[in-house]
Amino acid sequence: MNRSKRWWWQVIIVIGLLTVMGILINNLAVNLIRTGLGLSFDWLWRPAGFALSEHPLPYQSSDSTAWALLMGWLNSLRVIFAGIVLATLLGVSTGAARRSLNPLLRQIAALYVGFIRQIPLLLQLLFWYFVAFLGLPSEPFAPLGAVIHLSNQGISLLGVTLSVEFAAVLLGLSVFTGASIAEVVRGGLDSVPRGQWEAFRSLGMTEGLGLRRIVLPQALPAILPALSSQYLNLAKNSTLAIAVGYADLYAVSDTTITQTGRAIEGFLLLLLSFLLLNLLINGGMQLLNRAVLRSQHHH
Amino acid sequence: MSIAIHAQSISKSYSDDHRALDEVNLSVNLGEVLVVMGPSGSGKSTLIRTFNGLESIDEGRLEVVGIQLDSNQDERQIKRIRRRVGMVFQQFNLFPHLSILDNITLAPIRVKKMQKKDAELRAMSLLSQMGIADQAMKRPAQLSGGQQQRVAIARALAMDPEVMLFDEPTSALDPERVKEVLDAMRTLASAGMTMVVVTHELGFAREVADRVLFMDAGKVVELSDAKTFFSHAKEERSRRFLNQMTN
């Protein structure tokens with residue numbers, strides 16, 4: 001395509017975008033006038049009037065709606081960051097297992113990745129909730145002694161009690177995202193020249209040592225960008241928590257919108273919250289990325 | 001005379017119609033320098049890589065520094081061999097994210113459980129032997145090819161190997177950098193190191209090799225002492241190869 005044609009395409013695309021935005025803003029304005037509501041955030045400071053099954057800070061239904069939304073946001077943060085940690089552990093070990101010398105380990109890892117990636121996340125969340133956790137007996141039992149107590153009322157891990165809803169969302173998100181991270185890690189490992197593997201092996205190093213000290217550090221520049229997009233996916237997918245009744249930001253917003261009728265404001269806050277959250281994750285990953293690149297090019 | 005490596009009719013195929021190694025028999029004596037020559041694709045790299053388990057064998061038996069290997073790759077046996085057999089690669093394969101010093105000390109510290117200070121002292125003395133002690137704190141990319149290959153030799157020597165394998169150590173070097181690497185290998189040979197060297201360097205082979213193994217199409221064509229091989233090779237195929245190399 002020559003230069004002038006490309007230039008015309010850009011103009012057409014810009015005009016198209018402006019038109020779509022114009023229509024949307026016009027719709028918004030028309031609807032606001034028609035309902036006679038106008039934009040207002042007063043409702044944020046009125047009592048929420050609903051209970052939350054889980055709240056990291058003290059909360060009761062007479063507290064403000066804003067406070068309820070904050071509890072939702074904190075609940076989201078909790079499950080997202082725990083999920084990122086767990087998914088990373090799962091993904092890195094599975095990705096490494098796919099390049100292991102042990103054929104059984106390789107096969108188990110491939111099976112996990114292949115299986116989990118074929119099933120919609122929503123189904124997996126429902127499975128963890130209804131089958132795995134609600135299927136537990138109501139009397140707690142401790143399969144690993146004092147380490148973990150399981151029942152359909154909740155999970156107690158080293159004395160920290162987690163709700164069944166939280167556990168289901170956490171496991172669902174981690175197991176699902178872990179499979180994708182495993183692929184990212186495997187791709188990263190494959191990007192390291194074969195000679196590096198041969199060099200550490202010929203020095204008598206174990207696979208684990210070689211992976212940690214030789215291969216992974218060199219694979220990181222290839223892994224990190226794709227890893228941060230997996231983290232963002234996990235954060236966005238956490239809104240599916242509403243399906244199992246976990247009081248995350250989306251679930252609380254949904255209740256608020258139903259009660260106040262303030263859909264536009266509610267969604268604006270929701271969008272801004274997620275924007276903030278993802279900027280946080282992105283910023284953290286960029287810092288990490290820069291630190292890794294710097295450590296590999298210094299001197 | 002003690003035997004460092006003994007191969008008993010070892011074979012290997014990458015596909016059904018291509019035999020990379022075809023019933024290879026040989027012994028390498030302790031303290032000997034064996035040079036392996038042959039046209040490209042003759043199986044010489046594959047052969048040397050079976051000696052430390054980087055390539056598996058399909059048939060036959062292999063004994064390296066007294067440890068047995070056969071077609072079922074026993075990882076434990078291979079690891080025991082690798083701790084006692086050093087290898088130097090055509091592409092150096094230094095670890096680019098580590099300093100020269102860390103490249104050399106990592107395995108002695110983590111595999112041989114040496115004290116960090118002892119490992120560093122040993123690394124510095126090896127680097128001095130190689131004439132590159134002043135490069136210790138640099139990264140591999142800051143060194144010339146010849147310097148990198150000398151680091152690779154030092155890295156292998158830091159494990160105090162009984163046998164050193166060289167897989168075309170000068171083939172990736174600029175011509176003016178070849179000599180410094182060959183000199184380091186000469187010094188090593190005269191110190192009595194057992195060496196198996198895949199190379200096309202006729203001068204080096206003539207001067208340093210005790211015996212020459214000539215391979216073609218995965219088979220051993222000739223295994224002669226170096227003098228015989230270069231003055232009157234027994235096999236027509238060897239003579240033709242030598243003619244091509246010298247013209």
(request) Answer with side chain, backbone, both or neither: which region of A:Gln218 has an atom nearer than 4.5 Å to a non-hydrogen atom of chain B? (result) side chain
(request) Anything in residues 69-84 of chain B with a heavy-atom distance to chain A below 4.5 Å? Please list those residues in order. (result) B:Glu75, B:Lys79, B:Arg82, B:Arg83
(message) Checking the side chain of B:His97 only, and the main-chain atoms of A:Arg213 only, is there a donor and an acceptor separated by less than 3.5 Å?
(response) yes
(request) Heavy atoms only, distances under 4.5 angstrom: which of B:Pro96, B:Pro161, B:Ala156 has the most pairs with chain A? Name it, please. (result) B:Pro96
(message) So, applying side chain to side chain contact (heavy atoms under 4.5 Å, CB included) with A:Glu198, which one of B:Met87, B:Arg49, B:Gln91 is it?
(response) B:Arg49
(request) For A:Arg201 and B:Leu54, work out which heavy atoms get closest and say how close. (result) CB-CD2, 4.4 Å
(message) Test of understanding: with side-chain contact (heavy atoms from CB on, under 4.5 Å), list the residues that count as partners of B:Ser40, not counting sequence neighbours.
(response) none
(message) Heavy-atom cut-off 4.5 Å, strictly under: side chain, backbone, both or neither for B:Phe89 against chain A?
(response) side chain
(message) Between A:Leu209 and chain B, with a heavy-atom cut-off of 4.5 Å, which part of the residue counts as in contact: side chain, backbone, both or neither?
(response) side chain
(message) Using only non-hydrogen atoms and a strict under-4.5 angstrom cutoff, which residues of residues 106-136 of chain B touch chain A?
(response) B:Leu106, B:Ala107, B:Arg110, B:Val111
(message) Under a 3.5 Å distance rule, please check whether B:Asn93 uses its side chain to pair with a backbone N or O of A:Ala199 as donor and acceptor.
(response) no
(message) Is there a side chain to side chain contact (heavy atoms under 4.5 Å, CB included) between B:Phe95 and A:Leu203? Walk through the geometry before answering.
(response) CA-CA 12 Å; B:Phe95 307 132; A:Leu203 285 165; 4.0 Å; yes
(message) Please classify the contact between B:Val85 and chain A as side chain, backbone, both or neither, with a heavy-atom cut-off of under 4.5 Å.
(response) backbone
(message) Just to be sure I understand the criterion: a residue of residues 97-128 of chain A counts if one of its heavy atoms is under 4.5 Å from a heavy atom of chain B. Which ones qualify?
(response) A:Leu101
